Every structure is written in C-alpha cells, then in structure tokens.
Participant: 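First, the structure itself, so that you have it in front of you.
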Number of protein chains: 2
Amino acid sequence: MEASGLYKCIADPQRLRILNLLEAGALCVCHMQELLKVPQVKMSKQLAAMKQLGLVESKREGTWMIYSLIAPINGLLRANLQYLRQAECSECNQLHRDLVNRNQLIARIAGANDDCPVSVCEKIGCS
Amino acid sequence: MEASGLYKCIADPQRLRILNLLEAGALCVCHMQELLKVPQVKMSKQLAAMKQLGLVESKREGTWMIYSLIAPINGLLRANLQYLRQAECSECNQLHRDLVNRNQLIARIAGANDDCPVSVCEKIGCS
DNA sequence: ACAGTATATACCAAACCAAGAATACAAAAA
DNA sequence: TTTTTGTATTCTTGGTTTGGTATATACTGT
C-alpha cells in the first residue's frame, strides 16, 4: 500500500481510533461502536474502507463480525501508533483512554457471560 | 497542531515531497516548482496551506520567497519522514530522488551565479 | 416459516477539495 | 513611470467525501 492511502485513512480521527483499538487485538463491530459511540452505519462504512485498503480483515462468527488488523501489521501504521502513544496531544490522550475502555469492556464481558456469544468472546480474548 | 491535520497534509504526495525537501534546508518557490515540476499556482496554494497549518514559514528576499520548516520541526512529521526514508516503496524512492535532485540544483546554482540573486543563494545554502 | 439481532449496502444531499484561468500584488530593472 | 519577474489570491467548475435514512443480507432461535 502506498503511504498516501494510509495517511488519508488515519487523517480521520475515528479511523485512527479504530486502528489503535484493533492493534491491541480483534474486536467485533458492536463493541467498537460502543467504545467510540458512533452510529452503526458509520462504523460499518469505515471498516469497509479500511478493509478495501488492505488494513483490516473480518471473520464472521454467527451474526457477529470480528475485525482484526491484517498481519503483519503495516509498518508505517505501527510506527505512527507507536509515536502517538508516546506523544502528548489531545488525540493521543484519546487513544490512551480508548485502550483503557477496551480493557474495561473486555473485563465486563468476561464477567457477565451472557453479554455476547462464547465463540465471539474467545476470539476477542475475554474468555 | 493535532495529528489529523498533519496527516491530511502529508496524505498529498506533493505536499509530502515539499516537506521532505524543506527538511534538508530552505528553498524558494520557483526552485521547488522546478524540482517537483508543478505549476506555480498549485505550488503557491500548497505552501499557503502548510503555512496556515503552522508547518512552514516564508521570508521575502526581493521578489523571491524563501520557505523553510518552522523550528523545532514537528515531531510527528519528522518521525514520518524518517520512517519513509528508510522504507521501501515507490513514494519513498521518490523522496530520495528529490533529495538528489535538490543537491544537483544547489550545485548548479553555486556554479552559474547568475541563476538567482546572491542573497537568495545565501539563504538556501549554495553560496 | 417467522421474528429478532448484527451488520452491510444503496441512495441521496450537503460539505468539502482540487485544478485551472484570470487577475492582483510586490519588488526590481529599465 | 513602465515593464518584468516571482509569487499570491480569487473565482469557477467538477470531483470526491461524508452523514443520514432506508433497506437489504446473513444468521440465530422459536
């Protein structure tokens, strides 16, 4: 992939946040929606765009869709996520908060096991 | 500056090339035009956009305008230029070639000293 | 077969962006 | 004072992107 494509992608803060979340592990669409507080249609379209770009892939698990970064993770993307995590800016803080929220979400799901199908739970690392 | 602004900026290959050139030192508009083979109006507008963003600044030298990166150089920008220089992709190769061409241009100006005003020449490091 | 849930797609309007032509401006040269 | 040179701004036009609503699909459970 050319650099400009990636830059255009992460120039959208929401897409950057999604990629940041996914770098920590796979997630399903509705959980990302919940984490980013974004309407379903928008989330779906942004994921489709990133899939098209070759950044993410999806796997169906029943009616649920699990998204993850395509391995090996794009080097330029990783370099940027790394940089932003260590930097100081409002967007960077948001990325940190997102990761914290992600952990809380996973913990919550692990506790109340009627939250999502076990098969999904396994894939996203909370079983 | 927020990250998304920078990403939107460097998502345009031409702007990325300009920033790459400027990291090696100041340049005047017409030389950048020559290096990137881009029409004057487009170059001027892209420089204006980057100035607005707070990435570059300009200094008048007679009728000439000398552009340079604002110091200290934006960390995220530097990290990306650094990454791209060490990576392998068509855009990265272009950045290398641009730097080579920049050196040739400077050398040529230094030789034929009727190419541009001495005062300009001094600023862009070819005197 | 039916209803429900999770996700995707189609479609449309609004907002935004890029390219080019023409023109303006600022300084230097004649 | 006029011309020339280097650069910036304005305006228009066509293209892309975004956000929302409605609808479709794919699967599950009854």
Side-chain angles (χ1 to χ4, degrees), chain A residues 2 4-18 22 26-53 56-68 105 109 114-121 123-124, chain B residues 4-18 21-22 26-53 56-68 105 109 114-121 123-124:
Chain A
E2 353 105 36
S4 58
L6 179 73
Y7 288 137
K8 223 180 290 180
C9 176
I10 62 180
D12 179 315
Q14 216 140 249
R15 284 190 294 256
L16 179 62
R17 290 174 67 193
I18 293 172
L22 289 182
L27 278 176
C28 78
V29 179
C30 63
H31 288 149
M32 288 191 268
Q33 266 173 244
E34 186 185 336
L35 286 168
L36 300 203
K37 304 226 187 333
V38 80
Q40 184 266 322
V41 67
K42 196 175 170 193
M43 178 60 68
S44 190
K45 279 197 276 192
Q46 290 189 318
L47 288 168
M50 295 195 280
K51 197 169 175 181
Q52 168 94 351
L53 245 188
V56 307
E57 63 189 349
S58 60
K59 221 182 305 180
R60 182 175 282 283
E61 196 60 61
T63 67
W64 301 53
M65 284 297 235
I66 315 281
Y67 277 82
S68 52
L105 178 81
I109 297 173
D114 58 335
D115 204 328
C116 73
V118 184
S119 59
V120 170
C121 207
K123 306 268 182 190
I124 67 178
Chain B
S4 59
L6 179 73
Y7 287 137
K8 225 180 288 181
C9 176
I10 62 180
D12 179 316
Q14 212 129 55
R15 285 192 292 256
L16 179 63
R17 290 174 68 192
I18 293 172
L21 281 174
L22 289 182
L27 278 176
C28 77
V29 179
C30 63
H31 288 148
M32 288 191 267
Q33 266 171 245
E34 187 185 335
L35 286 168
L36 301 202
K37 306 227 188 331
V38 80
Q40 185 265 324
V41 68
K42 198 176 169 192
M43 178 60 69
S44 189
K45 279 195 277 193
Q46 290 190 319
L47 287 168
M50 295 194 280
K51 196 171 176 179
Q52 168 92 353
L53 245 188
V56 307
E57 62 190 349
S58 61
K59 222 182 305 179
R60 183 175 282 284
E61 197 61 61
T63 66
W64 301 53
M65 283 298 233
I66 315 280
Y67 277 81
S68 51
L105 177 82
I109 297 172
D114 57 336
D115 203 328
C116 71
V118 183
S119 59
V120 170
C121 207
K123 307 266 182 190
I124 67 177

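Keep in mind that the numbers below use all heavy atoms, side chains included, and drop hydrogens, waters and symmetry copies. Just so it is clear, the model here is predicted, and its values are computed rather than measured. Each chain gets a letter, A, B and so on, in the order its sequence line appears, and its residues count up from 1.
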Participant: For A/Q33, what residues pass the side chain to side chain donor-acceptor pair (under 3.5 Å) criterion, not counting sequence neighbours?
Facilitator: none
Participant: Calculate the interatomic distance between A/K42 atom NZ and D/dT21 atom P; express it in whole Å.
Facilitator: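 Taking atom P of D/dT21 as the reference, NZ of A/K42 is at 13 Å.
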Participant: On a plain distance test, is the side chain of A/K45 in donor-acceptor contact with the base of D/dG19 below 3.5 Å?
Facilitator: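 Between D/dG19 and A/K45, which were checked side chain against base, a qualifying N/O pair under 3.5 Å is present.
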Participant: NZ of A/K8 versus P of D/dT16: gap in Å, rounded?
Facilitator: 10 Å
Participant: Should A/L35 and A/R17 be marked as a side chain to side chain contact (heavy atoms under 4.5 Å, CB included) after you check the CA-CA gap, both sets of side-chain angles, and the distance that decides it?
Facilitator: CA-CA 10 Å; A/L35 286 168; A/R17 290 174 67 193; over 6 Å; no
Participant: Using OP1 and OP2 only, check whether a side-chain N or O of A/Y67 sits under 4.0 Å from C/dA6.
Facilitator: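 No, A/Y67 has no side-chain N/O under 4.0 Å of OP1/OP2 on C/dA6.
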Participant: In whole angstrom, give the distance that lies between atom CD of A/Q46 and atom P of D/dT17.
Facilitator: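 Checked: the CD to P distance equals 13 Å.
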Participant: Can you identify which nucleotide, out of D/dT18, C/dA22, D/dG20, has its nearest atom closest to the A/R15 side chain?
Facilitator: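 Of the options given, the side chain of A/R15 lies nearest D/dT18.
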Participant: B/K59: which residues meet the side chain to side chain donor-acceptor pair (under 3.5 Å) condition with it, sequence neighbours left out?
Facilitator: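 Expected list: none.
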Participant: Side-chain polar contacts of residues 44-52 of chain A - donor-acceptor pairs under 3.5 angstrom, sequence neighbours left out - could you list them?
Facilitator:
residue, atom, partner, partner atom, Å
A/Q46, NE2, A/D12, OD2, 3.2
A/K51, NZ, A/S58, OG, 2.7

Participant: Could you check how far CD of A/Q14 sits from P of D/dT18, rounded to whole Å?
Facilitator: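 Checked: the CD to P distance equals 11 Å.
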Participant: Between A/M65 (CE) and D/dT25 (C1'), how many Å, whole number?
Facilitator: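 The distance from CE of A/M65 to C1' of D/dT25 comes to 10 Å, rounded to the nearest Å.
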Participant: What is the distance, to the nearest angstrom, from the NZ atom on B/K59 to the P atom on D/dT7?
Facilitator: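 Roughly 15 Å, once rounded to whole Å.
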Participant: Given atom CD1 of B/I66 and atom C1' of D/dT7, what is their separation to the nearest angstrom?
Facilitator: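 Value for this atom pair: 12 Å.
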Participant: What pairs with A/E34 under salt bridge (charged side-chain N to carboxylate O under 4.0 Å, His left out), at least two apart in sequence or on another chain?
Facilitator: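 Only A/R108 meet the salt bridge (charged side-chain N to carboxylate O under 4.0 Å, His left out) criterion with A/E34.
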Participant: Applying a 4.0 Å non-hydrogen cut-off, can you work out what A/V29 is touching in the nucleic acid: base, sugar-phosphate, or nothing?
Facilitator: sugar-phosphate
Participant: Any chance you could lay out the side chain to side chain contact (heavy atoms under 4.5 Å, CB included) test for A/I66 and A/V120, step after step, and finish with the verdict?
Facilitator: CA-CA 8 Å; A/I66 315 281; A/V120 170; 3.7 Å; yes
Participant: Return the set of residues passing side chain to side chain donor-acceptor pair (under 3.5 Å) with A/R15 (not counting sequence neighbours), or none when no residue passes.
Facilitator: none
Participant: From D/dT7, C/dT7, D/dT9, pick the nucleotide closest to the side chain of B/W64?
Facilitator: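 The listed nucleotide nearest to B/W64's side chain is D/dT7.
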Participant: Between B/M43 (CE) and C/dA18 (P), how many Å, whole number?
Facilitator: 15 Å
Participant: Output a table of nitrogen or oxygen pairs between the protein and nucleotides 23-29 of chain C separated by less than 3.5 Å.
Facilitator:
none

